[in-house]
Amino acid sequence: MEVRPAGRFLRSGKVKDIYENDDDQLVFHFTDRVSAFDVILPTTVPRKGELLCRLGAHFFETLGIPNHMVRTEGADRMVVRKMDMVKVECVVRGYLYGSLMERVARGEVDLPVEKKVLASRLPQPYFDPTTKSDVKDEPITEEEIVAQGRMTREELQEVKRRSFLVYATVGQKASKAGFILADLKLEFGRDRDGDILLGDSIGPDEFRLWPAKSYSPGRSQESYDKQPIRDWLASQGYKAELDAARKSGRPAPVAPSLPGWLVEETARRYAAVYETFSGKKF
Ligand SMILES: Nc1ncnc2c1ncn2[C@@H]1O[C@H](COP(=O)(O)OP(=O)(O)O)[C@@H](O)[C@H]1O
Ligand SMILES: [Mg+2]
């Protein structure tokens with residue numbers, strides 16, 4: 001039986017359920033839900049929530065960046081300071097991938113890269129902020145962030161500095177364990193005093209992790225945590241069905257339940273991610 005955290009239920013994300021503790025705190029409940037291609041799957045992965053909660057806590061405790069975490073509660077809950085979130089998603093990219101690749105290919109961004117090869121490494125990490133939206137995050141320039149009052153110029157510089165720092169620190173850990181940290185999304189907010197703190201969480205839902213062994217620019221890369229699920233859903237014809245539904249504006253079809261071996265393999269991979277970054281056994 002699931003123990004519901006105390007407090008008023010606020011909202012359910014794809015993975016987290018969020019409760020309000022009192023005026024100043026939120027409780028993040030990291031569930032065992034798993035999503036692929038932005039669809040929540042009908043099967044849960046045992047202890048995934050616990051892993052992501054512990055991993056997020058580990059980052060907040062060790063990164064040395066002011067953040068919103070107050071404490072963890074039980075195995076899969078995190079109490080955080082309620083903040084007024086900055087309306088920007090702070091994305092740092094080390095590789096030409098995802099929406100950045102699409103924008104570069106369309107000539108919308110001018111990056112100092114010679115060849116526009118998918119998944120090639122950028123000469124240096126690139127700060128690629130977007131708006132925060134429930135529908136689709138749109139790219140936003142640093143000038144727009146300031147002009148629209150989302151952050152002051154000083155706040156933006158500081159947030160950018162911290163974002164690069166997190167990307168570098170987490171990326172180094174990854175590379176020591178044979179992974180590539182392709183990119184990372186961070187969120188910041190203001191506490192009651194107006195100070196900017198790192199918020200949300202840090203984990204495989206917020207970054208792309210590629211196994212270094214199979215890295216090869218020029219094609220799409222394997223996602224360490226999600227690949228077996230993605231491949232399986234494709235092999236079942238679900239991916240094609242989903243693409244067709246999206247193309248014609250129909251709602252996503254219900255995904256098939258995952259077989260036991262796939263749930264186990266996914267759980268094993270999440271445990272490996274936790275061990276990679278925390279250095280602790282799960
Ligand atoms: N300290 C905080 N105070 C207020 N809102 C926060 C805080 N940290 C994160 N958030 C917000 O909580 C939400 C997390 O939900 P979401 O990302 O949709 O969940 P999931 O990751 O499960 O999909 C985001 O909108 C994020 O901006
Ligand atoms: Mg999220």
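Just so you know, ligand 1 is whichever comes first in the structure, and atom 1 is the first atom listed for that ligand. Note that this is a predicted model, so its numbers are computed, not measured.
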Hey, which of Met83, Glu206, Lys87, Glu89 is the one that makes side-chain contact (heavy atoms from CB on, under 4.5 Å) with Glu187? Glu89

Please confirm whether the ring centroid of Tyr224 lies under 6.0 Å from the ring centroid of Phe207. no

Ligand 1: which protein N/O atoms lie under 3.5 Å from its N/O atoms?
{"residue": "ligand 1", "atom": "1 (N)", "partner": "His68", "partner atom": "ND1", "Å": "2.8"}
{"residue": "ligand 1", "atom": "1 (N)", "partner": "Arg81", "partner atom": "O", "Å": "2.8"}
{"residue": "ligand 1", "atom": "3 (N)", "partner": "Met83", "partner atom": "N", "Å": "2.9"}
{"residue": "ligand 1", "atom": "8 (N)", "partner": "Asp200", "partner atom": "N", "Å": "3.1"}
{"residue": "ligand 1", "atom": "18 (O)", "partner": "Arg11", "partner atom": "NH2", "Å": "2.6"}
{"residue": "ligand 1", "atom": "21 (O)", "partner": "Lys16", "partner atom": "NZ", "Å": "2.9"}
{"residue": "ligand 1", "atom": "22 (O)", "partner": "Lys14", "partner atom": "N", "Å": "3.3"}
{"residue": "ligand 1", "atom": "22 (O)", "partner": "Val15", "partner atom": "N", "Å": "2.7"}
{"residue": "ligand 1", "atom": "22 (O)", "partner": "Lys16", "partner atom": "N", "Å": "2.5"}
{"residue": "ligand 1", "atom": "23 (O)", "partner": "Lys14", "partner atom": "N", "Å": "2.9"}
{"residue": "ligand 1", "atom": "25 (O)", "partner": "Lys132", "partner atom": "NZ", "Å": "3.4"}
{"residue": "ligand 1", "atom": "27 (O)", "partner": "Lys132", "partner atom": "NZ", "Å": "2.8"}
{"residue": "ligand 1", "atom": "27 (O)", "partner": "Glu187", "partner atom": "OE1", "Å": "2.4"}

Arg33 versus Thr43, side-chain donor and acceptor atoms under 3.5 Å: no

Go through Asn21 and Val79 one step at a time and tell me if the side chain to side chain contact (heavy atoms under 4.5 Å, CB included) criterion holds. CA-CA 8 Å; Asn21 216 347; Val79 180; 4.0 Å; yes

With a cut-off of 6.0 Å (strictly less than), are more than 12 heavy atoms of other residues, nucleotides or ligands near CG of Asp134? no

Using modelled atom types only, decide if a donor and an acceptor are shared between the side chain of Asp32 and the backbone of Thr44 within a distance under 3.5 Å. no

